[in-house]
Number of protein chains: 2
Amino acid sequence: MSALHDHTHCIADALTRADALCAERGARLTALRRRVLELVWSSHRPRGAYAILEDLSQQDGKAAAPLTVYRALEFLVEQGLVHRIESLNAYVGCAAPGDVHSGQFLVCEACGDAAEIDDPGVGAAIIAAAAGRGFRVQRPTVEVRGLCKSCQETSR
Amino acid sequence: MSALHDHTHCIADALTRADALCAERGARLTALRRRVLELVWSSHRPRGAYAILEDLSQQDGKAAAPLTVYRALEFLVEQGLVHRIESLNAYVGCAAPGDVHSGQFLVCEACGDAAEIDDPGVGAAIIAAAAGRGFRVQRPTVEVRGLCKSCQETSR
DNA sequence: GACAGAGTGTTATAAAGTAACACCCATGTC
DNA sequence: GACATGGGTGTTACTTTATAACACTCTGTC
């Protein structure tokens with residue numbers, strides 16, 4: 001997530017994909033929900049619910065209540081359009097909505113970027129480990145803190 | 001974590017291990033910190049900071065402030081005596097303090113139990129996935145939601 | 001156009017976590 | 001013994017994150 005990428009384009013893409021997915025599923029991507037999704041995507045970094053709330057208030061002029069944002073986020077998470085990053089209490093746009101996947105993140109301590117990966121090896125290892133203990137997996141959460149490639153290079 | 005286990009004994013064990021570890025490291029396991037550790041262990045379930053705070057107030061009669069508990073927990077987490085479960089905002093005693101490990105949890109949605117595992121396959125898969133992307137791992141978090149063995153059997 | 005149900009607004013409140021600063025007390029030093 | 005030092009604790013106030021309860025509105029359906 002860097003200088004070399006057309007961010008406006010990638011927000012537009014995310015919205016288009018969301019429109020298509022919701023239409024297909026009969027889920028209602030209302031104006032508010034769409035707007036919240038757009039605000040989540042407004043950076044590639046995880047954003048807190050209250051940051052989004054502030055955007056709504058400032059950019060749109062309406063003083064929204066926290067619940068407004070939380071309900072929209074809940075919908076977006078259910079639809080797989082957004083992931084919640086537990087260790088940050090924050091939300092980030094899903095790079096591959098529609099695909100079945102669990103949400104694995106490499107969270108950089110330096111720049112705050114959260115790169116979503118969907119590593120089959122990690123997923124398989126978790127399922128195997130759980131199965132060995134008789135545990136039925138419903139929702140795996142993997143959030144790896146560390147330093148991303150570009151931050152390692154910078155700090156050197 | 002069930003009827004068949006001597007819980008009193010296992011709390012005492014945890015405290016003994018903590019004493020030994022801290023002595024060895026020159027870390028100060030003060031009365032307060034020791035007491036908080038004991039309260040974390042008072043069930044095998046993850047406990048919130050405020051639940052521990054309440055215990056302190058009720059059982060010990062002192063009306064402690066949140067910070068008191070948070071500071072003790074911070075110390076205990078640093079020493080690896082306690083893990084924080086991000087997705088629950090809660091803390092749980094570490095089953096194997098002293099050993100190097102990262103904290104992987106199988107969290108049962110039904111009974112609330114959080115079983116700590118240290119599966120080498122999962123750890124290795126995460127490191128491999130990160131390495132493939134140039135990411136330097138500092139602290140992996142794995143929290144798997146699902147149903148534990150005994151809850152699956154019960155619900156059947 | 002009346003109904004049902006989903007979505008949204010509003011107010012209040014709970015839960016989780018932190019900042020700033022004062023005090024205490026064990027330890028080592030002179 | 002007096003003293004400085006620094007880690008640990010207490011206290012007050014506050015911020016951030018999240019939810020409850022209830023009323024209202026919009027949208028599609030018959």
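On a predicted model such as this, the values are computed, not experimentally measured, just so you know.
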Inset, instruction - Would you kindly check whether a donor in the side chain of B/Arg71 faces an acceptor in the base of C/dG17, or vice versa, at under 3.5 angstrom? - result: no
Inset, instruction - State which residues pass salt bridge (Lys or Arg N to Asp or Glu O under 4.0 Å) with A/Glu116; sequence neighbours excluded, sorted by chain then number. - result: none
Inset, instruction - Taking the side chain as every heavy atom from C-beta outward, state whether B/Cys22 and B/Phe75 have any atom pair closer than 4.5 Å. - result: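 Touching, per the 4.5 Å side-chain cut-off.
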Inset, instruction - Extract, from 5' to 3' on DNA chain D, the first and final nucleotides lying under 4.0 angstrom from some heavy atom of chain B. - result: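 Extent of the interface on DNA chain D: D/dG8 to D/dT12.
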Legend entry - Neighbours of DNA chain D within residues 17-30 of chain B, by heavy-atom distance under 4.0 Å: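 Within this stretch, B/Arg28, B/Thr30 sit under 4.0 Å of the strand.
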Can you give me the N/O atom pairs linking the protein to nucleotides 12-16 of chain C at distances under 3.5 Å, or say none if there are none?
| residue | atom | partner | partner atom | Å |
| --- | --- | --- | --- | --- |
| C/dA16 | N7 | B/Tyr50 | OH | 3.3 |

Inset, instruction - Sort and list the pairs that fulfil salt bridge (Lys or Arg N to Asp or Glu O under 4.0 Å) and have at least one residue in residues 97-107 of chain B, not counting sequence neighbours. - result: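 Sorted pair list comes back empty.
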Legend entry - Residue pairs involving residues 7-29 of chain B (criterion salt bridge (Lys or Arg N to Asp or Glu O under 4.0 Å); sequence neighbours excluded):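 Applying salt bridge (Lys or Arg N to Asp or Glu O under 4.0 Å) to every pair that reaches into residues 7-29 of chain B, excluding sequence neighbours, yields B/Asp19-B/Arg34.
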Inset, instruction - Find the distance between CD (B/Glu109) and CZ (A/Arg139) and round it off to the nearest 0.5 Å. - result: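 Answer rounded to 0.5 Å: 6.5 Å.
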Inset, instruction - Name the nucleic acid region contacted by B/Leu67, choosing base, sugar-phosphate or nothing; use a 4.0 angstrom heavy-atom cut-off, strictly under. - result: base
May I ask you to decide if [Y]'s main-chain N or O and [X]'s side chain share a donor-acceptor pair within less than 3.5 Å?
X       : Y       : value
A/His44 : A/His7  : no
A/Ser42 : A/Glu38 : no
A/Thr68 : A/Ala64 : no

Inset, instruction - Would you tell me whether A/Arg145 and B/Thr141 have side-chain atoms, one donor and one acceptor, within less than 3.5 Å of each other? - result: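 Absent: no donor and acceptor within the cut-off.
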Legend entry - Non-hydrogen atoms of A/Cys108 and A/Cys148 that approach each other most closely: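 Heavy atoms only, the tightest pair is SG-N, 3.4 Å.
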Legend entry - Length of the CG-P vector between A/Leu53 and C/dT10, whole Å: 13 Å
